[in-house]
2 protein chains.
Amino acid sequence: MIDMDRPELGALLTRLLREVTRREQPLLDRAGLPMWDYVILSALSGGDASTQAELSAATGRDKTRLIENLDRLERRGLVTRTPDPADRRNRIVSLTADGRRVRRRCHAAIHAMEEELLAGLSPSERAAFEHALVRLVNDHDS
Amino acid sequence: MIDMDRPELGALLTRLLREVTRREQPLLDRAGLPMWDYVILSALSGGDASTQAELSAATGRDKTRLIENLDRLERRGLVTRTPDPADRRNRIVSLTADGRRVRRRCHAAIHAMEEELLAGLSPSERAAFEHALVRLVNDHDS
DNA sequence: TATTGTTATACTCTATAACTATA
DNA sequence: TATAGTTATAGAGTATAACAATA
């Protein structure tokens with residue numbers, strides 16, 4: 001009985017993600033943004049969350065570790081934290097105009113990097129890949 | 001100028017990898033294998049490396065952290081370390097018959113899990129996805 | 001009593017440098 | 001001198017639990 005040993009999904013995804021991260025790092029460094037800070041800006045930009053608890057769930061960042069990111073982002077004037085009038089335990093996190101600008105610039109740079117990374121795929125291959133990736137992520141949104 | 005904000009590759013890959021890992025963990029726990037131990041067994045099984053330095057490069061595991069994994073695997077009788085006669089600084093790492101068995105059993109369980117994870121894709125979607133993934137990883141083997 | 005945000009503590013992981021034995 | 005493997009140590013990242021404010 002021969003084991004074909006097709007490479008595992010975990011191994012493939014790990015390698016590809018490592019490469020994406022490697023290329024992304026200098027782009028974020030240029031903006032002075034730690035990776036998690038950028039992830040948080042992106043989640044806010046996408047409207048995925050308003051309170052810190054929602055932000056934690058949306059990004060997968062532990063709520064206790066989220067705080068140092070928000071502290072730094074707030075200090076830099078990229079986000080604001082304001083108490084929710086409806087339930088004053090909550091704090092609504094919002095992007096400032098500056099935060100939106102910084103995030104958009106980073107996103108553009110990252111988008112260009114991704115174009116380059118995917119350039120080896122034919123248009124149809126690429127469409128199929130991205131479509132399947134989005135499908136899988138949405139199907140299994142833990 | 002409207003920013004379409006297509007989700008980024010990094011975010012998508014992170015989420016999917018998180019889900020794969022979450023499903024893989026109990027399978028490895030059942031075999032008593034820490035994640036890295038399994039990665040190392042797999043690399044050896046694939047013939048990607050023979051010395052520890054090569055193993056480190058093949059898996060992306062730091063050479064100093066590799067050692068505790070090899071110590072444990074050797075203690076359990078799943079791998080052997082023997083000095084290379086040609087250059088006695090090197091140590092050749094090999095799978096034992098037991099190591100091969102353990103690794104094959106885990107691989108089978110993980111393979112079944114992946115089948116389930118990908119079940120939502122049509123056969124053509126799935127083929128396209130896997131093909132593109134392998135292409136991208138091979139193209140950018142850092 | 002339960003929940004949001006926060007702080008403190010302990011634990012794990014990781015990176016660095018130093019050591020040995022070979023070459 | 002340089003390299004493979006090993007060990008030790010310090011720093012960063014992480015998880016847990018406890019706390020204050022609010023419901």
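Throughout, a chain's letter reflects where its sequence line sits, starting with A, and its residues are numbered from 1.
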For the backbone of Gly10(A) and the side chain of Thr14(A), can you confirm whether one donor and one acceptor N or O come within less than 3.5 Å of each other?
yes
Specify the separation, in whole Å, of atom [atom1] of [X] and atom [atom2] of [N].
X	N	atom1	atom2	answer
Arg81(B)	dA4(D)	CZ	P	16 Å
Asn90(A)	dT4(C)	CG	P	7 Å
Ile67(A)	dA20(D)	CD1	C1'	13 Å
Arg91(A)	dT22(D)	CZ	P	11 Å

Can you find a heavy atom in the side chain of Leu44(A) that is under 4.5 Å from one in the side chain of Ser94(A)?
no
Do Arg61(A) and Val39(A) touch side chain to side chain, with heavy atoms closer than 4.5 Å?
no
Residue pair [X] / [Y]: nearest heavy atoms and the distance that separates them:
X	Y	answer
Leu12(B)	Val137(A)	O-CG2, 3.6 Å
Glu74(B)	Thr80(B)	OE2-C, 4.2 Å
Arg103(A)	Tyr38(A)	O-CE1, 4.1 Å
Leu28(A)	Cys106(A)	CD2-SG, 4.1 Å
Leu118(B)	Leu9(A)	CD2-CD2, 4.1 Å
Thr64(B)	Asp62(B)	OG1-OD1, 2.7 Å

Contact pattern, 5' to 3', of nucleotides 12-23 of chain C - B, S or - by protein heavy atom under 4.0 Å
-SB-BB----BS
Considering only heavy atoms, which members of residues 37-58 of chain B lie under 4.0 Å from some atom of DNA chain C?
none
I need the residues from residues 69-80 of chain B with at least one non-hydrogen atom less than 4.0 Å from DNA chain C; give them sorted by number, or say none.
none
For Glu116(B), does the CD atom have more than 12 heavy-atom neighbours from other residues, nucleotides or ligands under 6.0 Å away?
no
